[in-house]
Amino acid sequence: MKVLIYTSSGGTAHDSAAEAIRHWLARERPNIEVRVDQVLERSSSTYRGGVELYNWIQRRRPWLHQLYWRAMELEDLIKPGTVLFGRRYLIRQLRAFRPDVLISTHPHTNRGHFDLAKRVLGPQLRCITCCTELEGGFGFSRNWLSRRTDLFWALTAEVVQEVQRRRPGLPVECLGPLLYPAYHQAGPAAPALDGLLLLVLGTGSNGANNHLPLLEQLLPFAGQLAVVALCGRRPAVQQQVQAWAAHNPALAVEALGYQGPAAMADLYRRAWALVSRPGARTATEALFMACPLVFNHYGTTMPQELLAPRYFQARGLEVSIRRPEELATLVGRWLADPAGYGALRQRFQQQRLMADPAQIVGRLVQSSLEFWTT
């Protein structure tokens with residue numbers, strides 16, 4: 001059996017979801033051949049430029065996502081039941097690998113891509129959409145929904161409801177999150193923490209952040225907490241944070257580059273809280289690890305970044321800042337009211353997202369047999 005996974009680096013969630021699936025398939029079903037393809041970047045210079053623009057906006061001009069996201073919702077204009085840009089690459093790869101199952105972890109690799117794949121390989125190809133969102137409503141891209149989907153993999157019941165509302169009859173199941181094995185092995189954070197409090201300033205793999213303004217606001221809390229600043233794959237950002245820390249030694253600050261799954265799972269378990277943009281994967285990981293998450297809406301909020309806070313708000317978990325000084329206010333309030341913070345941490349324990357990796361892998365494998373048994 002062969003499984004091909006489509007993804008793209010436009011956003012951290014999609015590559016992480018694809019790699020987690022690959023790891024678990026290799027672990028649970030070593031006889032399955034798996035290939036992960038960053039198909040947007042590799043298939044076409046047009047798509048590659050779009051991904052680069054997305055990541056540039058994320059780092060430099062987040063407010064432009066209000067226009068970018070709306071433009072991308074019209075993707076059907078360039079994907080009329082097939083793929084126009086990168087078509088030759090896709091056909092060549094499909095014919096060479098001949099997968100039995102095609103999984104998409106990105107909203108822009110479903111419509112058109114599934115149509116073309118079934119046209120090339122035949123109706124027996126099982127096409128699965130692995131949606132990385134937590135909630136529906138405005139911000140949930142219509143591009144997640146393809147009539148050629150044989151199984152829509154949702155993380156939450158709310159996404160199931162959204163799919164059923166928008167596309168009645170589409171086969172959708174709530175399978176839950178499949179994270180890297182290190183997260184499932186580590187288990188959730190403890191209900192209470194000992195020792196010096198650790199605040200983690202997060203970032204995506206592209207390094208988008210506003211660490212320095214946040215660190216300035218945290219100076220009054222020197223000695224009360226330590227800070228880890230994640231800098232992604234941007235050495236320049238890490239060097240800036242290190243230089244700031246050298247000039248402000250009173251506050252314990254550690255600047256880290258990109259962290260692998262085991263290191264991140266450990267940080268989630270040790271963190272007093274994580275401060276991060278409201279991306280889907282970080283929110284999912286925080287829910288799975290029961291780690292309090294502070295949504296950092298600096299610059300502006302992308303439409304798709306409205307979904308995770310909406311899910312958190314419905315469960316009494318949502319905490320957000322929009323300016324650096326709001327983080328200082330929040331930290332001061334939590335330090336002054338440990339019972340209030342403890343109640344929030346307890347709610348994260350109660351609202352954990354959980355899933356059975358073996359069951360998810362079994363469902364993915366089962367999908368390849370459905371064509372022949374119906």
Side-chain angles (χ1 to χ4, degrees), residues 10-14 16-17 54 57-58 62-66 68-70 72-73 107 131-142 144 154-163 165-166 174 176-177 179 189 199-204 206 208-210 214 230 268 271-331 333-334 340-341 343-353:
T12 305
H14 316 296
S16 295
Y54 176 99
I57 291 173
Q58 183 83 336
W63 61 269
L64 281 175
H65 273 301
Q66 297 291 335
Y68 184 94
W69 185 85
R70 287 169 170 82
M72 291 300 99
E73 286 298 277
C131 180
T132 56
E133 308 292 7
L134 293 172
E135 181 62 270
F138 176 72
F140 186 94
S141 176
R142 63 197 295 270
W144 281 114
L155 302 187
T156 66
E158 286 76 4
V159 171
V160 171
Q161 294 170 5
E162 182 73 7
V163 172
R165 181 181 70 84
R166 293 201 192 189
C174 182
L179 305 180
L199 184 66
V200 179
L201 304 183
T203 183
N206 61 19
N209 73 91
N210 65 336
L214 294 176
L230 300 175
Y268 277 115
W272 187 51
L274 173 70
V275 182
S276 177
R277 288 197 68 91
R281 195 62 171 187
T282 300
T284 301
E285 290 170 353
L287 282 170
F288 184 87
M289 300 299 293
C291 173
L293 179 61
V294 179
F295 293 119
N296 185 4
H297 297 266
Y298 72 91
T300 190
T301 304
M302 298 185 290
Q304 63 268 41
E305 288 181 327
L306 297 172
L307 301 176
R310 192 179 299 148
Y311 183 89
F312 276 54
Q313 185 177 38
R315 289 155 180 79
L317 304 175
E318 193 263 342
V319 180
S320 292
I321 60 170
R322 286 169 175 79
R323 297 186 301 276
E325 55 268 27
E326 293 180 0
L327 179 60
T329 302
L330 175 65
V331 169
R333 185 170 70 246
W334 280 352
Y341 166 81
L344 173 67
R345 194 172 183 91
Q346 183 61 36
R347 288 196 294 275
F348 269 87
Q349 293 278 338
Q350 295 167 349
Q351 298 294 337
R352 280 192 67 214
L353 273 182

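Along the sequence shown, the residues carry numbers beginning at 1.
Within the model, atoms SG of Cys291 and CD of Gln349 stand 10.5 Å from one another, a figure rounded to the nearest 0.5 Å. Separating the CG atom in Asn296 from the CG atom in Leu327 is a distance of 8.0 Å, to the nearest 0.5 Å. To the nearest 0.5 Å, the span separating OG1 on Thr301 from CG on Leu307 amounts to 11.5 Å. To the nearest 0.5 Å, atoms CG (Leu317) and CZ (Arg345) are separated by 12.5 Å. Rounded to the nearest 0.5 angstrom, Gln351 CD and Gln346 CD are separated by 10.5 Å. Arg323 CZ to His297 NE2: the interatomic distance, rounded to the nearest 0.5 Å, is 12.5 Å.
Under the 4.5 Å side-chain criterion, counting only non-hydrogen atoms from C-beta, Leu287 is in contact with Tyr311. Residues Glu305 and Arg277 form a side-chain contact, since some pair of their non-hydrogen atoms from C-beta on lies under 4.5 Å apart. The closest side-chain heavy-atom distance from Val159 to Cys174 is not below 4.5 Å. With a 4.5 Å cut-off on side-chain heavy atoms, Leu274 and Val200 count as touching.
Side chains of Tyr268 and Glu285: a donor on one and an acceptor on the other come within 3.5 Å.
For Glu73, the salt bridge (Lys or Arg N to Asp or Glu O under 4.0 Å) test picks out no residue, with sequence neighbours left out. The salt bridge (Lys or Arg N to Asp or Glu O under 4.0 Å) test applied to Glu318 returns no partner, not counting sequence neighbours.
With respect to Arg166 and Glu162, a salt bridge is recorded, a charged nitrogen being found less than 4.0 Å from a carboxylate O.
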Could you go through the side-chain contact (heavy atoms from CB on, under 4.5 Å) check for Val294 and Trp334 one step at a time? CA-CA 12 Å; Val294 179; Trp334 280 352; 3.8 Å; yes
Is there a side-chain contact (heavy atoms from CB on, under 4.5 Å) between Arg322 and Tyr298 once you walk through the steps? CA-CA 5 Å; Arg322 286 169 175 79; Tyr298 72 91; over 6 Å; no
Set out, in order, the CA-CA distance, both residues' side-chain angles and the distance that settles side chain to side chain donor-acceptor pair (under 3.5 Å) for Gln66 and Arg70, then state yes or no. CA-CA 7 Å; Gln66 297 291 335; Arg70 287 169 170 82; 3.0 Å; yes
Stepwise, does the side-chain contact (heavy atoms from CB on, under 4.5 Å) test hold for Trp69 with Met302? CA-CA 8 Å; Trp69 185 85; Met302 298 185 290; over 6 Å; no
Assess the residue pair Thr132 and Thr284 against the criterion (side-chain contact (heavy atoms from CB on, under 4.5 Å)); give the C-alpha distance rounded to whole Å, side-chain angles, the decisive distance to 0.1 Å, and a yes or no. CA-CA 9 Å; Thr132 56; Thr284 301; over 6 Å; no
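Between Phe312 and Phe295, the ring planes are perpendicular. Angles over 60° get that label, and only those under 30° would be called parallel. Relative ring orientation between Trp272 and Tyr341 is described as tilted, the plane-to-plane angle lying within the 30° to 60° band.
Taking every heavy atom of both residues into account, Gly316 and Arg347 meet most closely at O-NE, 2.8 Å. In terms of heavy-atom proximity, Glu133 sits nearest to Ala280 at OE1-CB, 3.7 Å. For the pair Pro324 and Leu214, the tightest heavy-atom approach, listed with the atom from each and the gap, is CA-CD2, 3.8 Å. Closest non-hydrogen pair, Ala290 versus Pro292, comes out as O-CD, 3.8 Å.
Here salt bridge (charged side-chain N to carboxylate O under 4.0 Å, His left out) pairs that include residues 289-299, with residues two or more places apart or in two chains, number zero.
With Pro177 as the fixed residue, the side-chain contact (heavy atoms from CB on, under 4.5 Å) test singles out one of Leu134, Leu353, Thr156: Leu353.
At least one donor-acceptor pair under 3.5 Å links the side chain of Thr329 to the backbone N or O of Glu325.
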